[in-house]
Asks: 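One structure is given below, represented as structure tokens, and several questions about it will come after.
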Amino acid sequence: KQNSSIKTNKILSLLPTIKLMTMKKTDLYRNLSPKEILALQQQYCTSDDWNRIKVAEDFTPEHICHVRFSGDIYLGKFQDSFTLAGGLVKHSGLFHVTLHNCCVGNNVLIENIQNYIANYEIGDNSFIQNVNLIVTEGKSSFGNGVLVSVLNETGGREVPIFNDLSAHLAYIVALYRHYPILTEKLVQFIDRYVETHSSEKGRIGKNVSIVSAGSIRNVMIGDHCTIDGTSRLKNGSINSNVLAPIYVGYNVVAEDFIISSGSRITDGVTLMRCFIGQACHFSHLFSAHDSLFFSNCQGENGEACAVFAGPYTVTMHKSSLLIAGMFSFLNAGSGSNQSNHLYKLGPIHQGIVERGSKTTSDSYILWPAKIGAFSLIMGRHVNHPDTSDLPFSYLIEKNNQTYLVPGVNLRSVGTIRDALKWPKRDKRTDPHQLDCINFNLLSPYSIQKMLTGMEVLNSLRQVSGETSEEYAYQSARIKNSSLEKGLVLYAKAVNKFLGNSLIKRLEKISFTADSEIRARLQPNSEKGLGEWIDLAGLIAPQKEIENLIRQIETGEITSVEQINKTFDTLHQQYYELEWNWAWQIICKWYDVSLDTITSSDIIRIVNIWKEAVISLDEMLYADAHKEFSLTAQTGFGIDGNSRQKQKDFEQVRGGFENNPFVENVRRHISDKRALGDELIARMEKVKISSFIPISDRERIDI
């Protein structure tokens with residue numbers, strides 16, 4: 001009886017909540033009173049049927065003037081005011097507007113709507129002023145499900161966009177067409193998502209501001225969004241929220257689009273069939289169609305067509321055209337251009353520029369081509385090069401021929417500066433992040449390419465002879481001196497990465513015997529072995545992606561949410577998987593094994609690592625020094641002598657020794673040397689203890 005009484009009391013305490021949950025929308029509103037109807041009529045308001053207007057309990061009509069009501073209308077209360085720029089105060093209410101089938105929240109201001117607002121729910125505290133038209137026509141998916149023809153303008157790689165599209169899922173949808181069952185399943189998942197997000201009524205969220213806009217048709221607008229002076233929006237979703245608001249500004253035209261949280265689109269941007277990822281920034285007349293842009297992309301002045309733009313794709317200059325290519329972490333120089341049309345079967349060709357690459361001013365690539373990661377592209381390249389196995393290279397045009405300089409970007413101060421700035425420029429503030437971004441310059445993905453590149457270079461030297469002045473490779477030429485330097489630079493980078501992984505694995509642990517070291521070095525599993533790939537920002541083992549594909553094909557995974565969760569798990573497990581891969585390479589590279597490795601082997605590897613890290617940093621130091629040479633001072637100290645030139649240069653640019661990047665390089669050398677020495681000292685203790693009888697170890701302070 002006592003237990004029954006407690007349960008009864010709990011149920012009774014929950015009744016108000018249960019009632020609220022089960023109440024219909026109409027139960028939260030009441031009819032207008034005759035007095036309120038009369039007041040509205042005296043304020044020049046009309047309605048086709050006053051009985052179809054429902055109002056909140058605290059509703060009062062005094063702030064509703066010159067309004068025409070049509071269809072089913074729900075109105076909240078109008079009690080608060082808005083303070084505008086310059087101190088002007090406006091009370092919430094409805095003034096000079098036609099509303100049809102609308103639900104208006106509390107403390108909303110809507111005024112001066114030239115045409116009408118139809119079939120929309122408008123959230124609390126929103127401000128809508130001087131707009132031509134806001135309407136939802138029929139059942140709409142609000143941009144979800146729109147097919148975007150990336151890479152191939154003529155079709156074949158279409159990606160259906162939707163609110164939760166990640167760069168990695170789009171990568172698989174667009175590029176894994178050799179898995180037809182996978183493609184079919186993914187389309188089904190996305191279609192199901194689209195259906196659940198379709199409605200005959202649009203939504204304008206809470207605290208939204210829409211001012212001086214043109215027409216807005218079939219657009220879902222999230223909380224805290226600002227739409228200011230926008231020309232035309234049609235069939236799209238603007239997924240703004242309080243933590244990552246979206247701004248859509250003057251003269252923007254967008255049709256068939258998704259704009260993700262934290263983005264800013266303004267100043268005459270035109271978007272047609274585009275997905276805009278989180279924290280993207282587009283302005284200054286940039287135009288794009290049939291393109292996907294993922295987290296932290298930026299575009300100004302130029303044009304994009306059928307582009308797959310992974311995270312941090314940046315194009316800022318006039319006359320720059322990105323077309324039919326896949327990019328990520330790209331910096332496009334002014335006048336950068338590509339061509340996907342050989343004037344035969346149409347614009348059917350595509351190109352891949354792997355992560356971290358740069359194009360110089362007036363660079364040009366004739367697709368098809370594939371450019372290796374972290375490469376610099378200079379000049380015109382028309383012979384369809386494939387340099388994917390030679391990352392960190394320069395591609396330079398000379399006499400209409402592509403010359404390849406392998407590995408030279410490893411010693412470029414610009415490459416390291418980019419790697420440091422990307423994490424700092426992550427402007428995503430939404431806790432729900434769509435893209436899993438790995439910023440690592442050296443990873444299993446890039447190191448395996450260097451290992452392959454060393455095999456390629458050694459094979460070229462062996463086949464053509466060491467005395468050859470030039471070597472032919474993939475429609476490009478490699479000078480003998482460049483080949484030799486490339487081998488050295490790749491080896492240093494491999495030593496740096498493997499040493500980093502080893503030191504990380506052994507850090508902050510005291511060992512007394514080689515057996516303890518071996519136990520720590522033992523990988524936790526075989527996950528991570530084999531090839532690694534870059535899925536537009538997510539660096540992951542290829543076998544794990546193949547396992548994901550198998551689970552989708554067999555029905556073990558049945559939704560987009562499960563796929564994105566798998567990506568997130570792989571991202572979180574990166575360093576564990578990296579070690580599983582790195583240990584296998586360490587054994588081959590340094591000729592050690594888990595059964596026989598000793599503290600002496602660790603000391604040998606760490607010393608090799610120290611030499612590689614310090615020598616690469618010294619190269620960066622020397623490269624940075626070029627920015628302070630006499631040539632770099634040209635144009636400084638105008639109307640003065642050489643002493644004034646140097647003083648003017650130092651006032652503007654600062655001194656070399658005080659430059660923040662130079663200081664970081666020096667600090668990095670010091671820190672890495674200390675880190676290596678600390679591990680060597682711990683290994684020396686293990687060496688000493690291995691020569692001391694077990695019975696004597698407790699009596700000796702080693």
Side-chain angles (χ1 to χ4, degrees), residues 150-151 153 247 249-254 263-272 274-277 279-341 347 350-367 369 371 373-382 394-397 409 412-415 417-419 421-422 424-427 627 632 634-635:
V150 292
L151 298 177
E153 287 186 80
Y247 179 86
Y250 281 90
N251 299 322
V252 170
V253 175
S263 292
R264 184 179 179 88
I265 319 292
T266 187
D267 298 336
V269 169
T270 300
L271 303 173
M272 297 291 171
C274 288
F275 178 89
I276 309 299
C280 289
H281 188 157
F282 295 100
S283 62
H284 297 149
L285 303 175
F286 182 78
S287 66
H289 71 83
D290 290 285
S291 295
L292 308 174
F293 299 91
F294 295 98
S295 300
N296 294 297
C297 286
Q298 294 187 53
E300 295 185 17
N301 300 301
E303 181 181 358
C305 171
V307 164
F308 189 118
Y312 292 91
T313 297
V314 177
T315 170
M316 306 288 286
H317 307 286
K318 291 183 178 179
S319 303
S320 292
L321 169 66
L322 300 182
I323 185 169
M326 180 177 179
F327 313 91
S328 62
F329 299 91
L330 172 85
N331 192 337
S334 61
S336 295
N337 201 345
Q338 306 90 46
S339 177
N340 63 335
H341 203 310
Q350 67 181 47
I352 306 292
V353 178
E354 296 182 343
R355 68 158 49 200
S357 295
K358 292 183 178 181
T359 62
T360 66
S361 297
D362 298 319
S363 67
Y364 172 82
I365 310 173
L366 179 62
W367 300 139
I371 310 301
F374 301 102
S375 293
L376 176 69
I377 304 161
M378 182 182 300
R380 299 177 63 84
H381 304 275
V382 298
Y394 283 2
L395 277 79
I396 303 172
E397 177 206 2
N409 237 356
S412 169
V413 66
T415 303
R417 179 177 172 273
D418 286 342
K421 78 183 181 184
W422 287 323
K424 295 177 182 177
R425 294 185 180 181
D426 190 348
K427 297 179 181 179
E627 292 290 323
T634 301

Asks: I'd like to know if the side chain of Ser357 and the backbone of Ser375 have a donor-acceptor N/O pair within less than 3.5 Å.
Replies: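 Pair found, side chain donor or acceptor close to backbone of Ser375.
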Asks: Can any side-chain N or O of Thr359 pair as donor or acceptor with the backbone N or O of Gly333 at less than 3.5 Å?
Replies: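 Yes; at least one donor-acceptor contact below 3.5 Å.
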Asks: Determine yes or no for a side-chain-to-main-chain donor-acceptor pair under 3.5 angstrom, with Asn409 supplying the side chain and Phe374 the backbone.
Replies: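 Such a contact is found between Asn409 side chain and Phe374 backbone.
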Asks: Looking only at heavy atoms, what is the nearest atom pair of Cys274 and Ala288, with distance?
Replies: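 Here Cys274 and Ala288 meet closest at SG-O, 3.6 Å.
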Asks: Please say whether more than 12 non-hydrogen atoms of neighbouring residues, nucleotides or ligands are located less than 6.0 Å from NZ in Lys318.
Replies: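 Counting neighbours around NZ of Lys318, 12 or fewer heavy atoms of other residues, nucleotides or ligands fall under 6.0 Å, so no.
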Asks: Is a donor on one side and an acceptor on the other found under 3.5 Å between the side chain of Asp290 and the backbone of Cys305?
Replies: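 No; zero donor-acceptor contacts below 3.5 Å.
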Asks: Looking at side-chain heavy atoms only, is the closest gap between Met316 and Asn331 below 4.5 Å?
Replies: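 A side-chain contact is absent here, since even the closest heavy-atom pair is not under 4.5 Å.
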Asks: Begin from the C-alpha positions of Tyr364 and Asp362 and carry the test side-chain contact (heavy atoms from CB on, under 4.5 Å) through to its verdict.
Replies: CA-CA 6 Å; Tyr364 172 82; Asp362 298 319; over 6 Å; no
Asks: So, the side chain of Ser328 versus the backbone of Tyr312: is there a donor-acceptor pair under 3.5 Å, distance only?
Replies: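 No, because the side chain of Ser328 does not come within donor-acceptor range (under 3.5 Å) of the backbone of Tyr312.
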Asks: Side-chain contact, heavy-atom cut-off 4.5 Å: Leu322 with Leu330?
Replies: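 Answer yes - side chains close enough.
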Asks: Can you tell me how far apart CD (Glu397) and NE2 (His381) are? Round to the nearest 0.5 Å.
Replies: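 Nearest 0.5 Å value for the CD-NE2 distance: 6.5 Å.
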Asks: Would you check if the side chain of Trp422 reaches a backbone N or O of Gly356 as a donor-acceptor pair within less than 3.5 Å?
Replies: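 Checking the backbone N and O of Gly356 against the side chain of Trp422, no donor-acceptor pair under 3.5 Å is found.
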Asks: Minimum heavy-atom separation for Ile276 and Cys280, please, with both atom names.
Replies: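 Smallest interatomic distance, heavy atoms only, reads CG2-CB, 3.6 Å.
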Asks: In Å and rounded to the nearest 0.5 Å, what is the CD to CD distance from Glu153 to Gln350?
Replies: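 If I round to the nearest 0.5 Å, the distance is 12.0 Å.
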Asks: Which pair of non-hydrogen atoms, one from Thr266 and one from Tyr247, has the smallest distance, and what is that distance?
Replies: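 Heavy-atom minimum between the residues: OG1-CE2, 3.8 Å.
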Asks: Does Leu321 offer a backbone N or O that forms a donor-acceptor pair with the side chain of Glu303 under 3.5 Å?
Replies: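 It does not hold such a pair.
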Asks: Could you measure the distance from the CZ atom of Phe294 to the CZ atom of Phe275? Nearest 0.5 Å is fine.
Replies: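 Interatomic distance, Phe294 CZ to Phe275 CZ, rounded to 0.5 Å: 5.5 Å.
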Asks: Do Ser320 and Ser336 pair up side chain to side chain, a donor and an acceptor below 3.5 Å, judged on atom types alone?
Replies: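 No donor-acceptor contact under 3.5 Å links the two side chains.
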Asks: Any chance you could lay out the side-chain hydrogen bond (donor to acceptor under 3.5 Å, both in side chains) test for Ser334 and Ser361, step after step, and finish with the verdict?
Replies: CA-CA 5 Å; Ser334 61; Ser361 297; 3.0 Å; yes
Asks: Determine the sole option in Ile265, Val252, Asp267 for which the side-chain contact (heavy atoms from CB on, under 4.5 Å) test with Phe282 is passed.
Replies: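 That would be Ile265.
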Asks: Let me confirm one number: the CG-NE2 distance from Asn301 to His317, rounded to the nearest 0.5 Å.
Replies: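 Rounded to the nearest 0.5 Å, the CG-NE2 separation comes out at 8.5 Å.
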Asks: Nearest 0.5 Å, please: how far is NZ in Lys358 from CZ in Phe329?
Replies: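 It is 14.0 Å, given to the nearest 0.5 Å.
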Asks: Would you check, one step at a time, whether the test side-chain contact (heavy atoms from CB on, under 4.5 Å) holds for Thr315 with Phe286?
Replies: CA-CA 9 Å; Thr315 170; Phe286 182 78; 3.9 Å; yes
Asks: Would you confirm whether Asp426, through its side chain, and Asn296, through its main-chain N or O, come within 3.5 Å as a donor-acceptor pair?
Replies: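 Not at all, since once roles are kept as given, no pair shorter than 3.5 Å links the two residues.
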Asks: Ignoring hydrogens and geometry, is there a side-chain-to-backbone donor-acceptor pair from Glu300 to His284 under 3.5 Å?
Replies: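 Between the backbone of His284 and the side chain of Glu300 there is no qualifying donor-acceptor contact (under 3.5 Å).
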Asks: Look up atom OG1 in Thr270 and atom CG in Asn251, then write down how far apart they are to the nearest 0.5 Å.
Replies: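 The distance works out to 9.0 Å.
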Asks: Verify, without hydrogens or angle tests, whether Thr360 (side chain) and Ile377 (backbone) share a donor-acceptor contact under 3.5 angstrom.
Replies: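 At least one qualifying donor-acceptor pair exists.
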